[in-house]
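Notes follow once the structure below has been shown.
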Amino acid sequence: MGKAQEQSPLIEGHEAKEASPPEKANVNHHLTVPKLRQYNWWIQMVIFSLLVLSGQSAATLLGRLYFDKGAKSKWMATLVQTAGFPILIPFLFVSPTKDGIAQSNQTKPPSTLILVSLYTFLGVFLAAYSMLYTIGLEYLPVSTYSLICASQLGFNAIFSYFLNAQKFTPFIVNSLFLLTISSTLLVFSNDDSGDSNKTSKGKYVIGFMCTIAASAGYALNLSITQLAFRKILKKETFRVVMNVIIYQSLVATCVILVGLFTSGEWRNLRREMKEYELGNVSYVMNLVWTAVTWQVFSIGAIGLIFKVSSLFSNVISTLGLPIVPVLAVFIFQDKMTGVKVVAMLLAIWGFASYIYQHYLDDLESKPESRIVNDISVVERA
């Protein structure tokens with residue numbers, strides 16, 4: 001039986017012959033490398049997803065705490081969303097992988113003018129929807145804010161269809177539907193949310209419209225970033241990801257600083273810190289850790305964009321939206337309702353549906369990769 005298997009042809013049209021020990025080792029090597037790359041891909045997906053979920057949840061809760069304890073500066077709350085990029089600069093000196101080096105040698109890098117234009121556009125866009133998110137977070141209860149943020153998934157699906165040629169399968173549609181319904185259910189627990197900020201109807205409408213606009217802007221930014229990776233940057237390396245995050249955050253920070261000083265809010269920051277209910281140190285620590293957690297979120301989000309797609313990055317982000325009201329039970333003493341439990345279960349179900357689609361895609365790609373490896377092995381033999 002074993003001898004017959006050794007004499008059977010690997011690929012039709014190629015003459016089979018008994019492989020020597022070095023050739024057998026070569027075959028095993030070519031069959032093992034794709035598996036290692038596959039496992040490495042899944043490990044990276046888990047890491048990037050955890051960064052998105054933890055960074056987004058922590059940053060949202062800290063932003064809410066900032067306003068709940070007496071702070072009022074919208075520009076400062078927006079600034080910390082982008083100003084944490086200097087902590088990522090040391091990562092620019094990390095040596096690229098061999099694949100990254102090979103890929104960069106084969107691809108002509110874009111001109112400096114194109115890169116500056118790209119980072120400037122992304123940075124200004126980031127500053128704009130960050131401010132809109134800040135207004136929404138200040139004026140809306142956490143549950144309502146999470147509900148509206150879920151609309152970014154629908155916006156991203158539309159933008160991805162036109163800009164990124166995103167294909168929709170039944171499992172992806174099911175995932176989008178479940179994740180949207182999951183966050184939509186949170187609005188029904190709004191009466192029991194225990195939110196302390198009572199806003200006027202006018203401010204509520206402003207917060208609602210700003211959050212809708214911010215969700216659309218964030219979704220569009222994700223699709224544009226994916227398009228830039230494919231059409232302009234044309235490289236998938238860790239260094240390129242760091243460049244995108246750092247340079248767009250630098251531009252956004254400069255724009256927000258101009259707004260901070262132009263609006264005159266900087267004059268009230270000292271008094272705001274003194275009047276902060278948790279004290280001066282807590283005020284500073286809130287701003288510092290908000291900046292850090294938003295950068296953690298950015299690494300995960302952009303990592304998912306160039307490893308999978310902008311839509312997948314948004315799915316993970318939407319998965320994290322129901323986590324915020326659940327954590328608010330322990331932090332802000334909100335009540336845990338049955339609706340929130342159902343919302344969390346639907347979010348997990350939707351996430352699993354999307355992951356299962358990628359599992360099916362992975363199974364379909366295995367036969368193709370095996371054929372390519374067998375052909376290369378036979379041709380070398």
Side-chain angles (χ1 to χ4, degrees), residues 55-87 123-146 148-149 193 195-215 217-218 221 248-298 324 327-328 331-332:
Q56 176 182 253
S57 301
T60 303
L61 291 172
L62 287 172
R64 189 65 187 172
L65 184 66
Y66 175 80
F67 289 114
D68 281 352
K69 299 306 177 180
K72 299 178 181 179
S73 176
K74 297 181 181 64
W75 284 106
M76 178 57 70
T78 305
L79 179 64
V80 294
Q81 297 180 35
T82 62
F85 70 90
I87 65 175
V124 173
F125 209 48
L126 172 60
Y129 69 73
S130 295
M131 170 55 76
L132 293 174
Y133 271 133
T134 298
I135 296 174
L137 187 59
E138 180 184 13
Y139 291 159
L140 297 176
V142 174
S143 298
T144 305
Y145 176 81
S146 300
I148 303 172
C149 285
S193 63
D195 185 79
S196 58
N197 284 348
K198 301 294 183 179
T199 59
S200 64
K201 186 176 181 180
K203 288 185 177 181
Y204 186 92
V205 173
I206 293 175
F208 184 92
M209 298 303 296
C210 287
T211 309
I212 283 285
S215 299
Y218 174 73
N221 190 47
Q248 76 171 6
S249 297
L250 173 61
V251 174
T253 300
C254 293
V255 173
I256 296 171
L257 282 174
V258 171
L260 177 63
F261 286 97
T262 302
S263 65
E265 282 190 3
W266 64 275
R267 298 188 182 92
N268 301 323
L269 293 180
R270 183 180 297 273
R271 183 180 63 183
E272 178 177 285
M273 182 173 64
K274 291 181 179 180
E275 296 177 354
Y276 195 66
E277 294 181 13
L278 300 179
N280 298 349
V281 176
S282 296
Y283 178 85
V284 175
M285 294 303 295
N286 180 288
L287 296 178
V288 170
W289 284 109
T290 302
V292 172
T293 51
W294 275 124
Q295 294 307 309
V296 170
F297 168 79
S298 297
V324 176
L327 293 178
I331 298 176
F332 300 110

Requested in this report: Check whether any side-chain N or O of Thr60 sits under 3.5 Å from a backbone N or O of Ser57 as a donor-acceptor pair, and report yes or no.
Outcome: no
**Report entry** Heavy-atom closest pair, residues Ala58 and Thr293
**Finding:** CB-CG2, 3.7 Å
Query - side-chain contact (heavy atoms from CB on, under 4.5 Å) against Met285, all qualifying residues, sequence neighbours excluded - result: Val281, Trp289
Requested in this report: Taking side-chain contact (heavy atoms from CB on, under 4.5 Å) as the test, write out the residues that go with Thr253, two or more places apart.
Outcome: Leu79, Thr82, Ala83, Phe85, Leu257
Query - Flag side-chain contact, heavy atom, 4.5 Å: Ser282 against Asn286 - result: no
Query - Any pair counted as salt bridge (Lys or Arg N to Asp or Glu O under 4.0 Å), so long as it reaches residues 276-291, sequence neighbours left out - result: none
Query - Distance, nearest 0.5 Å, that separates OH of Tyr145 from SG of Cys210 - result: 11.0 Å
Query raised in the report: Does any non-hydrogen side-chain atom of Met131 lie less than 4.5 Å from one of Ile256?
Result: no
Query raised in the report: Taking all non-hydrogen atoms of both residues, which atom of Ala59 and which atom of Trp294 are closest, and how far apart?
Result: CB-CE2, 3.3 Å
Report task. Give the minimum heavy-atom separation between Glu265 and Lys74, together with the two atoms involved. Result -> OE1-N, 3.4 Å
Query raised in the report: Can you tell me how far CG of Leu126 sits from CG of Asn221, rounded to the nearest 0.5 angstrom?
Result: 6.5 Å
Query raised in the report: Measuring from Thr78:OG1 to Ile135:CD1, what's the distance to the nearest 0.5 Å?
Result: 7.5 Å
**Report entry** Heavy-atom pair of closest approach, residues Gly55 and Val296
**Finding:** CA-CG1, 4.3 Å
Report summary line: Those residues at least two apart in sequence (or on a different chain) that pass side-chain contact (heavy atoms from CB on, under 4.5 Å) with Ile87 are Val292, Gln295
Report task. Hey, could you give me each pair passing side chain to side chain donor-acceptor pair (under 3.5 Å) that has a residue in residues 266-275? Not counting sequence neighbours. Result -> Tyr66-Glu272, Glu272-Tyr283
Query - Partners passing side-chain contact (heavy atoms from CB on, under 4.5 Å) against Val258 (at least two apart in sequence or in another chain) - result: Thr262
Query raised in the report: Does some side-chain heavy atom of Cys149 sit less than 4.5 Å from a side-chain heavy atom of Tyr133?
Result: yes
Report summary line: CE (Met273) and CG (Leu287) are apart, to the nearest 0.5 Å, by 9.5 Å
Report task. Identify the two heavy atoms, one from Val124 and one from Val251, that lie closest to each other, and give their separation to 0.1 Å. Result -> N-CG1, 4.0 Å
Query raised in the report: How close do Thr211 and Gly136 get, heavy atom to heavy atom, and via which atoms?
Result: OG1-CA, 3.2 Å
Query raised in the report: Any side-chain donor-acceptor pair under 3.5 Å between Thr134 and Gln81?
Result: yes
